[in-house]
Number of protein chains: 2
Amino acid sequence: MLKLAILGFLHDRPLHGYELRRHLAALTGHVRPISDGTLYPAIKRLESDGLLVRETEPGTAAAPRHTLHLTEAGRAALLDRLREPEALDVSDENRWFTLLAFLRHLDNPADQAAVLRRRLAFLAEPASFFYEGERPLGAEEFADPFRRGLLLIARATTEAELTWLRETLAELDAA
Amino acid sequence: MLKLAILGFLHDRPLHGYELRRHLAALTGHVRPISDGTLYPAIKRLESDGLLVRETEPGTAAAPRHTLHLTEAGRAALLDRLREPEALDVSDENRWFTLLAFLRHLDNPADQAAVLRRRLAFLAEPASFFYEGERPLGAEEFADPFRRGLLLIARATTEAELTWLRETLAELDAA
DNA sequence: TTGTGGTACCTCGATATCGAGGTATGGTCT
DNA sequence: AGACCATACCTCGATATCGAGGTACCACAA
């Protein structure tokens, strides 16, 4: 989710649009750069919602350079979204991974752990992934090698995330 | 991509909208069911593009039941999309995984292998994933445990896919 | 000097999707 | 008989995003 990412980056420090664009691209390993037609309208919406303000840099004679600052409302909105449960059990991976990228902004480790626990509950829920009724689907069951591949990749991803979640929760709880 | 999935399912056999909806939900392990407001307009667009035709079932006295059939143009469009390179190096994972789910419809193993090879080239390309300039990012480099987790999960997914791609390509080439 | 490429910002139209609402029918359980 | 649920289809308004286009300015190279 773009707005969440924008708020997340501006929480660290003020940026202007172009820098924001580069940060956003780096978030996906430069695989999914965000388009201008997406970024600038999003900034405007956040601005008109009062979540950020822009300061035009006076010194620069060139094209106007707007430095974007998070407002207090913006900071609060970010923390709300990070804690908000709706985005978690949601299967929209992009939304969840974006949230994870900025989870550090929740300064309370217990809040962070609560978020991870909800995600863990969602992923570990047996009914959620590739079940045919009560029965889990085995990769063998797909005659089609491509469907089998899809299942194998999905499983590997889920396993990797579960492992990481359990380790990280153990560390958070120990701290 | 929804349209690709609709064409893919109808390639197997005619279905009506409701069945299609269940098939589409099953494709994501019932994690991301498609909404009616997405499905029915998509069907209409495909119909007006001449890619499918609907036959109203005469026997059913109840609500009109439309059986959707792929036309020849629809079949051709599906095969085109499956071969189309633009969707491959694209980093939109959903698009790629949807394509994979229906790759079996390309009846020529050499065509299938060509698609997998393009994907392999994209994934293996060193500049594509989580590089900071020339230097690959190590998980250790992230002080933030959540960003580290993100990288670990992304890597695990990529590794799983690469392994599967190489194995499957070997099998396809052997056949 | 002319071009190329990077910085920086913006708009427009098109498409995709969602969510919530609505309209039916038919079966099952109580 | 009434409640409830599954089947089956549809519309509407809102939002998100894309891609292509445009406007500047500046620096460096050919």
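Every chain is numbered from 1 and lettered A, B, ... according to where its sequence line falls, protein lines coming before strand lines.
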request  = Please list residues of residues 42-53 of chain A whose heavy atoms come under 4.0 Å from any atom in DNA chain C, ordered by number; otherwise none.
outcome  = A/K44
[X] vs [N]: side-chain N/O to OP1/OP2 distance below 4.0 Å:
X     : N      : value
B/T38 : C/dC18 : yes
A/K3  : D/dA16 : yes
A/R21 : C/dG6  : no
A/R22 : C/dG6  : no

inquiry  = According to ring-ring contact (aromatic ring centres under 6.0 Å, His included), who are the partners of A/H11, at least two apart in sequence or on a separate chain?
reply    = A/H105
task = Check ring-ring contact (aromatic ring centres under 6.0 Å, His included) between A/F97 and all other residues, then give those that pass, not counting sequence neighbours.
result = none
ask   = Quick one: which of C/dT17, D/dC10, C/dC9 gets closest to the side chain of B/Y40?
value = D/dC10
message = What contact category does B/G37 fall into here, base, sugar-phosphate, or nothing, at under 4.0 angstrom with non-hydrogen atoms?
response = base
request  = Report yes or no: is the cationic atom of B/R119 (NZ for Lys, CZ for Arg) under 6.0 Å from the centre of the six-membered ring of B/F122, at an angle within 45° of the ring normal?
outcome  = no
inquiry  = For the aromatic rings, using the six-membered ring if either is Trp, is the centroid distance between B/F102 and B/F9 under 6.0 Å?
reply    = yes
inquiry  = Check this for me: does any side-chain nitrogen of one of B/E19 and B/R22 sit under 4.0 Å from a carboxylate oxygen of the other?
reply    = no
message = Ignoring hydrogens and geometry beyond distance, is a side-chain donor-acceptor pair present between B/W96 and B/E161 at under 3.5 Å?
response = yes
